[in-house]
Amino acid sequence: MRLFPCPTGVLVAAGAVVLVSGCAPPGPLARVTMPTNASQPFVAGYHVYWAEDAWAEYPLDALDELYFFELEVDADGGFLDRHGWATRWQTMTERALESGVQVTPTVSMHDPDAFRTLFPDAQRVDRLLENVVGLLDESPDIAGIHLDFEVFESVDADVRDGFTGFVVALAAEMRARHPSKALSVFALAFDDDDVYNERALGRAVDYLVVQGYDYHSAGSPNAGPVAGLGGWGRLNWETVLDRFADFGVPARKIVMSIPLYGYEWPVVSEAGGATVRDIGITVPYAAPPEMVGGAPSARDQAAAHGVKRDGESRSPWYRYQAEDGWRQGWFEDVESLREKYEFARARGIGGIALFPLAYGDAEIWEGLRAAFAR
C-alpha cells in the first residue's frame, strides 16, 4: 500500500483556493464534548433511518452522541436523499438534547462511480461543501458533521486527493463559520485499494470513527468473527488500531465502531470458521423481524442452539444443522461487548460507537451503563 503523508494540490472550494499539503494541516476543531480529551471513552451510537421510532427506547443516559444515519450525497454534490432530516427527526433530536446527548447527522456516499465523478470536480465539491455546511446553518443545535464516504474499489490519484482536499476545506470552513462544531470521518479498517489518505484525514478532523466490524461479512469465503479483538490473521481490532497508529493518528482521536449484529452462513462443516456454501444473512442481535425483513435475531438463534466462544477473537458463535446442511452464526453479545469496552479503555482510544442502536436490547443497555457509568 502506498503511504502519502499528505497530498499536494489545489482545490477550489467555497470560493477560496485551499492548498492541500503536508506543511499546513488544519488544527483540531473545537467542540462541546471532545472525545480526544475525555477522561474516559466517548460513547456514541447510530440511529438508522429505517429503524423509525426505535430511538424512543435508546439508553440516552448512557450516550454522549447520537449519529443520525444518513443523508445520502449524489455525484453532483447535492443530497440524493436526506431521509427526513431534520424535520422528521425533530422530536428525537429534542429528546436527545434534553438528555444531554449531542446529535450529529451522517453525510454519506457508498457509490464508487459517484465518488469518482464528484471529487475531481471543483465545482461539484464546492456545491457539496456549501450543502454540508448548510446543515449547520439550518440546525444550530447539532454538534457537528459526520462523514461516511465508503469506497472499496481503486480510484485515480486526483479522486483520492480531491476527497482529502474536501475534508480539509470543510474543516477550515467549519472553523470559520461554526467554530464550536466537530468534524468526524468514518475510516475503513483496511484500505487495500488505497482510496484514502488516512494520515492526512487523521490530522484534519477531530476524530476518526474506525470500522470495527465486518471483518467477516456476508460475502466472506469463511465464517468467522465479525468484530474480533485478536487472532484470525489481520482481521482483528489489534491489527487495525496498530495500522492507524502507524499513520500517526493518536489513540484519543479514534472511536471504534461496534456492531450490534452478526452474520449467519451456510457452511460445509461444523468446524468453527468453516468454508461457506453461499452468501450469509445479517442477524441483528435483538431487532424485531419486521425491522429487518424477517431475519432471525442472533440472540434467539444462540439461545436455541447454544453459544460457543472463540478464544482468539473473544467472539460468540453458534452452529446447527438445517435441512440443507450446517449453518454457523457469529455475532456480539453482552460478554463480547464488555470485552470490547475494556479493550477500548486499555488501549486509550477516544471512544466507541454502536451500530445500529436499534438492534440492541435492555440487557445490552445495562452492560453499557455498567461499563461507562456517568
Side-chain donor or acceptor of Thr93 paired with backbone N/O of Trp89 under 3.5 Å: yes
For Phe247 and Phe244, take the angle between the two ring planes, folded into 0 to 90°, and tell me which bin it lands in: parallel under 30, tilted 30 to 60, perpendicular over 60. perpendicular
Would you call Arg116-Asp156 a salt bridge at under 4.0 Å N-O? no
Can the ring centres of Tyr341 and Phe372 be said to be less than 6.0 Å apart? yes
Please name the pair of heavy atoms, one in Val103 and one in Ala96, separated by the smallest distance, quoted to 0.1 Å. CG2-CB, 3.6 Å
Can you check whether Leu71's main-chain N or O pairs, donor with acceptor, with Asp81's side chain at less than 3.5 Å? no
Run His83 and Glu72 through side chain to side chain donor-acceptor pair (under 3.5 Å) and show every step you take. CA-CA 8 Å; His83 296 290; Glu72 298 177 69; 2.4 Å; yes
I need the full list of salt bridge (Lys or Arg N to Asp or Glu O under 4.0 Å) pairs touching residues 352-365, with sequence neighbours left out, sorted by first then second residue. Arg299-Asp361
With sequence neighbours left out, what residues match Asp300 under salt bridge (charged side-chain N to carboxylate O under 4.0 Å, His left out)? none
Least distance between heavy atoms, Leu118 atom then Val73 atom: CD2-CG1, 4.3 Å
For residues 279-293, the side chain to side chain donor-acceptor pair (under 3.5 Å) pairs (sequence neighbours left out) are none
Glu52 meets the salt bridge (charged side-chain N to carboxylate O under 4.0 Å, His left out) criterion, sequence neighbours left out, with Arg88
Centres of the Phe119 and Phe149 rings: under 6.0 Å? yes
Looking at every heavy atom in both Ala358 and Ala54, which two are closest together, and how far apart are they? CB-CB, 3.9 Å
Indicate whether any N or O donor in one side chain lies under 3.5 Å from an N or O acceptor in the other, for Glu264 and Gln328. no
Looking at the rings of Trp317 and Phe331, which for Trp means the six-membered one, are their centres under 6.0 Å apart? no
Would you compute the distance between atom CZ of Phe42 and atom CD of Glu65 and round it to the nearest 0.5 angstrom? 4.0 Å
Would you please classify the geometry between the Trp265 ring and the Tyr263 ring as parallel, tilted or perpendicular, with 30° and 60° separating the classes? tilted
Got a sec, which residues hit side-chain contact (heavy atoms from CB on, under 4.5 Å) with Arg95, two or more places apart in sequence or on another chain? Trp55, Leu60, Thr91, Glu98
Before giving the answer on salt bridge (charged side-chain N to carboxylate O under 4.0 Å, His left out), spell out for Arg160 and Asp194 the whole-Å C-alpha distance, their side-chain angles and the decisive distance to 0.1 Å. CA-CA 8 Å; Arg160 182 181 192 268; Asp194 200 23; 3.2 Å; yes
Pairwise ring pair (Phe, Tyr, Trp, His ring centres under 6.0 Å) hits with a residue in residues 125-146, at least two apart: Tyr46-His146, Tyr67-His146
Working to the nearest 0.5 angstrom, can you tell me the gap between Leu260 CG and Glu332 CD? 8.5 Å
With a 4.0 Å cut-off on N to O distance, would you call Asp61 and Arg369 a salt bridge? yes
For the residue pair Tyr320 and His305, categorise the inter-ring angle as parallel (less than 30°), tilted (30 to 60°) or perpendicular (more than 60°). parallel
For a quick test of reading the model, state the closest non-hydrogen atom pair linking Pro41 to Asp64 and the distance between them. O-OD2, 4.3 Å
For Val205 against Val167, the heavy-atom pair lying closest together: CG1-CG1, 3.6 Å
Do the rings of Tyr196 and Phe163 sit parallel, tilted or perpendicular, given the 30° and 60° boundaries? perpendicular
Supply the atom-to-atom distance Met256 CE to Leu241 CG, rounded to the nearest 0.5 angstrom. 5.0 Å
Please check: side-chain N/O of Asn222 versus main-chain N/O of Gly273, any donor-acceptor pairing under 3.5 Å? yes
Would you name the heavy atoms of Pro120 and Phe115 that are closest together and state the gap between them? CD-O, 4.4 Å
Please determine whether side-chain contact (heavy atoms from CB on, under 4.5 Å) holds for the pair Ile254 and Tyr207, giving the CA-CA distance in whole Å, both sets of side-chain angles, and the decisive distance to 0.1 Å. CA-CA 6 Å; Ile254 291 178; Tyr207 57 100; over 6 Å; no
So do Tyr213 and Tyr261 actually touch side chain to side chain, heavy atoms under 4.5 Å? yes
Selection residues 271-286 - residue pairs positive for salt bridge (Lys or Arg N to Asp or Glu O under 4.0 Å), sequence neighbours left out: Arg277-Asp324
For the pair Thr106 (side chain) and Phe68 (backbone), establish whether a donor and an acceptor sit closer than 3.5 Å, ignoring hydrogens and angles. yes
Treating Arg243 as the side-chain partner and Ala189 as the backbone partner, does any N or O pair qualify as donor plus acceptor under 3.5 Å? yes
Residues which pass salt bridge (charged side-chain N to carboxylate O under 4.0 Å, His left out) with Arg347, listed by chain and number, not counting sequence neighbours: Asp242
Between OG of Ser257 and CG of Asp214, what distance do you get to the nearest 0.5 Å? 9.0 Å
Mind checking whether Tyr58 and His47 have ring centres under 6.0 Å apart? yes
Could I get the full list of side-chain contact (heavy atoms from CB on, under 4.5 Å) partners for Phe152, not counting sequence neighbours? Glu150, Leu188
Nearest 0.5 Å, what's the OG-OH distance between Ser315 and Tyr215? 11.0 Å
Can you confirm whether the side chains of Asp310 and Trp232 place a donor and an acceptor under 3.5 Å from each other? yes
Salt bridge (charged side-chain N to carboxylate O under 4.0 Å, His left out) assessment of Asp192 paired with Arg234: CA-CA 12 Å; Asp192 294 336; Arg234 67 171 188 168; 2.7 Å; yes
Tell me which donor-acceptor pairs under 3.5 Å the side chains of residues 133-144 have, and how far apart each pair is, sequence neighbours excluded?
unit_1: Asp137; atom_1: OD1; unit_2: His178; atom_2: NE2; d: 2.6
unit_1: Asp137; atom_1: OD2; unit_2: Arg177; atom_2: NH2; d: 3.0
unit_1: Glu138; atom_1: OE2; unit_2: Arg82; atom_2: NH2; d: 2.5

Same apolar cluster (I L V M F W Y, side chains within < 4.5 Å links), Val132/Leu80: no
Closer than 4.0 angstrom, basic N to acidic O: yes or no for Arg345 and Glu342? no
For residues 350-357, tabulate all N or O donor-acceptor pairs below 3.5 Å that involve a side-chain atom, not counting sequence neighbours.
none

Listed by chain and number, what are the salt bridge (charged side-chain N to carboxylate O under 4.0 Å, His left out) partners of Glu270, not counting sequence neighbours? Arg319
Strictly distance-based, threshold 3.5 Å: is any side-chain N or O of Asn131 a donor or acceptor partner for the main-chain N or O of Arg127? yes
Enter the distance from Arg175:CZ to Leu170:CG here, rounded to the nearest 0.5 Å. 10.5 Å
Under a 4.0 Å threshold between the charged nitrogen and the carboxylate oxygen, would Glu335 count as salt-bridged to Arg314? no
Would Asn236 and Thr239 count as a side chain to side chain donor-acceptor pair (under 3.5 Å) if you check the C-alpha gap in whole Å, the side-chain angles of each, and the deciding distance to 0.1 Å? CA-CA 6 Å; Asn236 60 71; Thr239 300; 3.0 Å; yes
In this structure, would Leu66 and Leu97 fall into the same cluster of hydrophobic residues linked by side-chain contacts under 4.5 Å? no
